[in-house]
Amino acid sequence: MPLIVELDRIKEAVEGIDVIQDIEDGFVAYSQGNVQVPPVGELHFEDPPGNVHIKYGAINNDDYYVIKLASGFSDNPNVGLPRVQGMMLVFNQRTGQPVAFLLDQGYLTNVRTAAMGPVVAKVLAPKNVSRIGVFGTGLQARMQVEYLKGVVDCTDVIAWGRSDESKASYKRDMEAQGYSVETTDDAGAVAATSNLIIMSTPSLSPLLTAGQVRPGTHITAMGSDTPDKIELDPGVLVKADVVVADSIPQCRLRGEIAQAMMAGAISEDKVVELGNVIQNPSLGRTSDDQITIADSTGVAVQDIQISKAVYHAVK
């Protein structure tokens with residue numbers, strides 16, 4: 001029988017895992033061509049609004065392969081449920097036997113997404129981060145900042161949000177962790193005072209334009225994970241000195257890079273893959289005056305890495 005792991009036990013296991021290193025190793029393996037990652041499966045719903053992603057893959061000659069189901073239903077908080085749901089299924093790569101069902105309710109997706117932030121920051125963030133700007137006030141807007149601890153020495157945050165209630169909640173929660181937080185509904189104020197910006201909204205229209213982004217800024221864009229979402233005007237990518245994709249094949253179809261390519265603003269020649277930048281940092285930021293962008297659409301190798309780590313920790 002496969003091991004069935006509930007959320008509480010999964011959270012305990014994550015406390016003892018070096019998630020950032022596991023995710024970094026996964027991206028390197030991916031860019032080396034050692035990972036099978038088929039196209040993302042998707043379901044879309046309108047009433048209530050929601051979507052389901054099915055991501056799956058295998059590292060060649062590894063012990064396991066993983067199938068992940070993750071959903072996002074924006075109205076869930078109105079009925080007392082988390083917006084994100086899901087589970088990760090771990091199988092023996094040699095026999096196909098299921099070895100673990102990780103009933104994480106989307107938690108591991110949130111963790112592996114947040115863990116990409118510091119992986120990216122190591123090779124793309126300016127040496128001295130004066131302020132962290134955040135677009136969004138939800139869970140990822142919190143976790144992305146929290147996971148930068150130890151990589152970025154900055155506790156000054158400005159967060160953009162749409163509602164006064166969400167902004168107040170974000171400010172209260174993050175200040176309780178020792179951050180200094182200003183909130184705003186002015187995107188220009190975020191760009192004008194921050195040199196590391198996190199995009200973490202499900203926006204369907206651009207929130208930042210090229211004219212707002214200052215030299216020396218790094219942007220981690222992780223909210224646009226479907227073909228229709230967009231947080232950055234394509235001109236931002238044109239202006240950038242370095243544009244990094246978590247997966248070039250996947251970013252052709254979804255995310256900020258796909259939007260900019262469809263608009264004819266950039267070509268694929270401008271894009272470098274994250275795993276290659278990790279292996280060769282000269283492909284990333286080489287000057288504090290450069291503008292750098294990392295487009296995070298979420299790759300199955302992240303799910304593989306975190307699922308294996310949790311399974312090893314609890315089995």
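All residue numbers refer to positions in the sequence shown, counting from 1.
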A.B. asks: To check you understand the geometry: which heavy-atom pair defines the closest contact between Ile20 and Val119, and what is its length?
C.D. replies: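 Closest pair (atom of Ile20, atom of Val119, distance): O-CG2, 3.6 Å.
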
A.B. asks: Please report the C-alpha distance between Gln93 and Asp63 in whole Å, then the side-chain angles of each, then the deciding distance to 0.1 Å, and finally whether the side chain to side chain contact (heavy atoms under 4.5 Å, CB included) criterion is met.
C.D. replies: CA-CA 5 Å; Gln93 194 177 127; Asp63 293 328; 5.9 Å; no

A.B. asks: Do any N or O atoms from the side chain of Glu256 and from the backbone of Glu231 form a donor-acceptor pair under 3.5 angstrom?
C.D. replies: yes

A.B. asks: Is there a continuous path of hydrophobic side-chain contacts, each under 4.5 Å between heavy atoms, that joins Ile197 to Tyr147?
C.D. replies: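 Different clusters.
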
A.B. asks: If you measure only the distance, is there a donor-acceptor pair under 3.5 Å linking the side chains of Thr209 and Gln212?
C.D. replies: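 Short answer, yes.
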
A.B. asks: Short question: side chain of Gln250, backbone of Gly298 - any donor-acceptor pair under 3.5 Å?
C.D. replies: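 Indeed, once roles are kept as given, a pair shorter than 3.5 Å links the two residues.
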
A.B. asks: Check whether any side-chain heavy atom of His53 sits under 4.5 Å from a side-chain heavy atom of Asp225, and report yes or no.
C.D. replies: yes

A.B. asks: Which value, rounded to the nearest 0.5 Å, describes the distance between Asn195 atom CG and Arg214 atom CZ?
C.D. replies: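 Nearest 0.5 Å value for the CG-CZ distance: 6.0 Å.
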
A.B. asks: Could you tell me which non-hydrogen atom of Gln144 sits nearest to which non-hydrogen atom of Gly117, and how far apart they are?
C.D. replies: OE1-CA, 3.7 Å

A.B. asks: Can you list the steps and then say if Val14 with Leu108 is a side chain to side chain contact (heavy atoms under 4.5 Å, CB included)?
C.D. replies: CA-CA 9 Å; Val14 167; Leu108 291 178; 3.8 Å; yes

A.B. asks: Is a side-chain donor or acceptor of Lys55 paired with a backbone partner of Asp303 at a separation under 3.5 angstrom?
C.D. replies: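 Not at all, since once roles are kept as given, no pair shorter than 3.5 Å links the two residues.
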
A.B. asks: Looking at Asp8, I'd like to know if its CG atom is crowded, meaning that more than 12 non-hydrogen atoms belonging to other residues, nucleotides or ligands lie closer than 6.0 Å.
C.D. replies: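 Open.
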
A.B. asks: Quick one: does Val111's side chain get under 4.5 Å of Met143's, heavy atoms only?
C.D. replies: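 Heavy-atom side-chain distance check passes, below 4.5 Å.
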
A.B. asks: Backbone N or O of Ile248 within a donor-acceptor pair of the Glu273 side chain at under 3.5 Å?
C.D. replies: yes

A.B. asks: Using 0.5 Å steps for rounding, measure from the OG atom of Ser71 to the CZ atom of Phe45.
C.D. replies: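 Ser71 OG to Phe45 CZ: 9.0 Å, rounded to 0.5 Å.
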
A.B. asks: Does the side chain of Cys251 reach to within under 4.5 Å of the side chain of Asp246, using non-hydrogen atoms?
C.D. replies: yes

A.B. asks: Below 4.5 Å, heavy atoms only, C-beta onward: do Met199 and Thr220 meet side chain to side chain?
C.D. replies: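 The answer is no, as the side chains (C-beta and beyond) never meet within the 4.5 Å cut-off.
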
A.B. asks: Side chain to side chain contact (heavy atoms under 4.5 Å, CB included) for Val244 and Val123? Distances and angles first, verdict last.
C.D. replies: CA-CA 10 Å; Val244 176; Val123 290; over 6 Å; no

A.B. asks: State, yes or no, whether a side-chain contact exists between Val145 and Met174 at a heavy-atom distance under 4.5 Å.
C.D. replies: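 Yes, close enough: below the 4.5 Å cut-off.
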
A.B. asks: With a 3.5 Å cut-off and no angle check, do the side chains of Gln177 and Asp173 form a donor-acceptor pair?
C.D. replies: no

A.B. asks: Rounded to the nearest 0.5 Å, what's the gap from OG1 on Thr155 to CZ on Arg131? Could you check?
C.D. replies: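 If we round to the nearest 0.5 Å, Thr155:OG1 and Arg131:CZ are 11.0 Å apart.
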
A.B. asks: With distance as the sole test, does Ser169 use its side chain to make a donor-acceptor pair with the main-chain N or O of Glu165 at under 3.5 Å?
C.D. replies: no

A.B. asks: Is the backbone of Asn110 close enough, under 3.5 Å, to the side chain of Gln140 for a donor and an acceptor to pair up by distance?
C.D. replies: yes

A.B. asks: For the hydrophobic clusters of this structure (ILVMFWY residues joined by side-chain heavy atoms under 4.5 Å, transitively), does one cluster hold both Val314 and Ile17?
C.D. replies: yes

A.B. asks: Do you know which two heavy atoms are closest between Ala265 and Val238, and how far apart they sit?
C.D. replies: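 Minimum heavy-atom separation between Ala265 and Val238: O-CG2, 3.4 Å.
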
A.B. asks: Measure from the side-chain N and O atoms of Thr193 to the backbone N and O of Ala189, and report whether any donor-acceptor pair falls under 3.5 Å.
C.D. replies: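 The answer is yes, because a donor-acceptor pair under 3.5 Å joins these two groups.
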
A.B. asks: Hey, mind stepping through Gln305 and Phe27 against side chain to side chain contact (heavy atoms under 4.5 Å, CB included) and telling me if it holds?
C.D. replies: CA-CA 10 Å; Gln305 288 292 88; Phe27 278 121; over 6 Å; no

A.B. asks: Answer yes if the side chains of Lys68 and Ser307 hold a donor-acceptor pair under 3.5 Å, and no otherwise.
C.D. replies: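 No.
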
A.B. asks: Report yes if some heavy atom in the side chain of Val99 is under 4.5 Å from a heavy atom in the side chain of Leu3; otherwise report no.
C.D. replies: no

A.B. asks: Starting from Phe101, can I reach Ile67 by hopping between I/L/V/M/F/W/Y residues whose side chains sit under 4.5 Å apart?
C.D. replies: yes

A.B. asks: Nearest 0.5 angstrom please: Ile291 CD1 to His218 NE2, how far?
C.D. replies: 12.0 Å

A.B. asks: Are Leu196 and Val120 co-members of a hydrophobic cluster defined by side-chain heavy atoms under 4.5 Å apart?
C.D. replies: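 Val120 does not cluster with Leu196.
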
A.B. asks: Examine Leu207 and Ile219 and state if one hydrophobic cluster contains both, with Ile, Leu, Val, Met, Phe, Trp and Tyr joined whenever side-chain heavy atoms are less than 4.5 Å apart.
C.D. replies: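 In one cluster: yes.
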
A.B. asks: In terms of side-chain heavy atoms, does Thr297 have a donor or acceptor partner in Arg254 at a distance below 3.5 Å?
C.D. replies: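 No.
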
A.B. asks: Looking at Lys11 and Asp104, is there a salt bridge between them, counting it only when a charged N and a carboxylate O are closer than 4.0 Å?
C.D. replies: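 Salt bridge between Asp104 and Lys11, a charged N being under 4.0 Å from a carboxylate O: no.
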
A.B. asks: What closest approach, in Å, do Val19 and Ala115 show between heavy atoms, and which atom pair accounts for it?
C.D. replies: CG1-CB, 3.5 Å

A.B. asks: Is a donor on one side and an acceptor on the other found under 3.5 Å between the side chain of Ser224 and the backbone of Lys229?
C.D. replies: yes

A.B. asks: For residues Thr226 and Asp228, is any side-chain donor paired with an opposing acceptor at under 3.5 Å?
C.D. replies: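 Thr226 vs Asp228: donor-acceptor pair found between side chains.
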
A.B. asks: Is there side-chain contact between Lys308 and Ile59, with heavy atoms separated by less than 4.5 Å?
C.D. replies: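 In contact.
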
A.B. asks: Taking all atoms of both residues into account, what is the closest heavy-atom pair of Asp288 and Lys127, and its distance?
C.D. replies: OD1-N, 3.3 Å

A.B. asks: Look up atom CZ in Phe73 and atom CG in Asn78, then write down how far apart they are to the nearest 0.5 Å.
C.D. replies: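 Going from CZ on Phe73 over to CG on Asn78, the span is 14.0 Å.
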
A.B. asks: Using the ring pair (Phe, Tyr, Trp, His ring centres under 6.0 Å) rule, pick out the option among Tyr56, Tyr65, Tyr64 that qualifies with Phe91.
C.D. replies: Tyr65

A.B. asks: Could you tell me whether Asp164 and Lys167 make a salt bridge, using a distance below 4.0 angstrom between a side-chain N and a carboxylate O?
C.D. replies: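 Judged by the 4.0 Å cut-off on N to carboxylate O distance, Asp164 and Lys167 do form a salt bridge.
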
A.B. asks: Quick one: closest heavy-atom pair of Gly284 and Leu124, and the distance?
C.D. replies: CA-CD2, 3.8 Å

A.B. asks: Evaluate whether atom CG of Asp153 has more than 12 neighbouring non-hydrogen atoms of other residues, nucleotides or ligands under 6.0 angstrom away.
C.D. replies: no

A.B. asks: Within this structure, what is the CD1-CD1 distance for the pair Ile304 and Ile306, rounded to the nearest 0.5 Å?
C.D. replies: 12.5 Å

A.B. asks: Do Glu268 and Arg252 have side chains that get closer than 4.5 Å, going by heavy atoms?
C.D. replies: yes

A.B. asks: For Pro206, is there any backbone N or O sitting under 3.5 Å from a side-chain donor or acceptor partner on Asp233?
C.D. replies: no

